[in-house]
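Atom set for the values below is all heavy atoms of this structure, side chains included, hydrogens, waters and symmetry mates excluded. Below, chains carry the letters A, B, ... as their sequence lines are ordered, and counting in each starts from 1.
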Protein chains: 2
Amino acid sequence: MVRPGGRSARVQASVHTAVRELAAEVGRDALTVPMIAQRAGVTPSTIYRRWGDLQELLSDVAVERLRPDTAPRDHGALPADLTAWAEQFLDEMSSASGRAYIRDALLGDPDGGNAGQCSAYAAEQIDVILNRATERGEETPGVETVMDRVVSPLMYRILFRPDGLDAAYARGLVTGLLDPTGRWPGKAA
Amino acid sequence: MVRPGGRSARVQASVHTAVRELAAEVGRDALTVPMIAQRAGVTPSTIYRRWGDLQELLSDVAVERLRPDTAPRDHGALPADLTAWAEQFLDEMSSASGRAYIRDALLGDPDGGNAGQCSAYAAEQIDVILNRATERGEETPGVETVMDRVVSPLMYRILFRPDGLDAAYARGLVTGLLDPTGRWPGKAA
DNA sequence: ACGCTAGACGCAATGAATTTGCTTTAAAGT
DNA sequence: ACTTTAAAGCAAATTCATTGCGTCTAGCGT
């Protein structure tokens, strides 16, 4: 159990900032536990005891950075809200650092709790958007549907096929979900 | 560059089998490079020089195991083909070992080549199914659409939300893609 | 307010893994 | 067959991960 305050909290904070600083300075792949420990002013054994290994520590830091810091902007209509959110999501997640954070969050994650947290963050944001739309009287799909039709394809491509991924693709996913005039998008896509 | 034949090929093969054997014997998490080297009859430095680190080696082996060994079965109609394939895909990938392989493939993958290969395997299988359907005269979505609507949601949930994932969910994805009678599935889902 | 207790940290020693310079082997090209 | 050169073997040196033990302090009860 991690104690909420006092020295434990200071250690946790200084280790986390050490990770972020060093990741920016020497690159994420060059990080080592002793290096982080020295920057944070603690001994390596403290980190090993508390986090187990480097990957779990990185996973911890990654989840913190993947937490959205602000509610999604209100554009006055569901399509605009969802499109803007999807574009921003793609933009943040598909960057080199974003992908590294996602991978770290997935990686050092014995029980799957950290990855589930990431997914919960996205679901929360979408829920806010859908609730606003419902209050306006708009008809909306369920959160799970948006997760399946928008978030999943974005994340899949970010992880497995990072090439040729742009805002137009994100917009197309939202459009396909909200305006199903044609049955399927063109096969050429 | 890896030489295609002779000693290099023998080393590669013996290292790969050593990884598989030892993973089965002592568990994937207990693997170490020196252990693998000894079993394979090579020196650790050989592995480090060729693969860089344990994760890249595991990623290599994982991709090999994720390659489908057989063409998808022909059930005579697109919905049955896709449903059966999706159920089998989910079954294989959501098992403990399947998830471990996916994570390994994603992890030790600096350039994204291994992950792209996994995605290509799925796309290949789907392409076979769609081509058969087209030859039968059935109307089919494009490969990319199936990837977005079926493969992506399955993989996203396997990675981020492994709970409450069953064959019914996989069937629902295929149904939603092929029979869009209702606009969206129920919000309760 | 004061001491008690348990969890967390520092220190140091131990053992294992990684890295590296140099030599030797054996594919691939001529 | 000879030359070239990438890859493997070997061994030393470095770095990292792990663990036992003593100390400190946050949280708690009195």
Verify the contact: side-chain N or O of [X] to OP1 or OP2 of [N], cut-off strictly under 4.0 Å; return yes or no.
X: B:R10; N: C:dT25; result: no
X: A:R49; N: C:dC9; result: no
X: A:T43; N: C:dC9; result: no

Quick one: [X] [atom1] to [N] [atom2], roughly how many Å, whole number?
X: A:R50; N: D:dA26; atom1: CZ; atom2: P; result: 13 Å
X: A:Q38; N: D:dT15; atom1: CD; atom2: C1'; result: 13 Å
X: B:L57; N: C:dA17; atom1: CG; atom2: C1'; result: 15 Å
X: B:I47; N: D:dA8; atom1: CD1; atom2: P; result: 10 Å
X: B:E56; N: C:dA17; atom1: CD; atom2: P; result: 19 Å
X: B:D53; N: C:dT19; atom1: CG; atom2: P; result: 7 Å
X: B:L54; N: D:dC16; atom1: CG; atom2: P; result: 17 Å

Shortest side-chain distance from [X], nucleotide among [options]:
X: A:S45; options: D:dT19, D:dC16, C:dA17; value: D:dT19
X: B:P34; options: C:dT20, C:dG10, C:dA17; value: C:dA17
X: B:T32; options: C:dA17, C:dC9, D:dA8; value: C:dA17

Roughly how far, to the nearest 0.5 Å, is CG of B:L82 from CD of B:Q125? 11.5 Å

Looking only at non-hydrogen atoms, find the nearest pair between B:A80 and B:H75 and report the distance. CB-CB, 3.6 Å

Would you check if the side chain of A:T134 reaches a backbone N or O of A:L130 as a donor-acceptor pair within less than 3.5 Å? yes

With sequence neighbours excluded, tell me which residues meet side chain to side chain contact (heavy atoms under 4.5 Å, CB included) with A:R161.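 Per chain and number, A:R161 pairs via side chain to side chain contact (heavy atoms under 4.5 Å, CB included) with A:Y156, A:R157, B:S119, B:E144, B:M147.
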
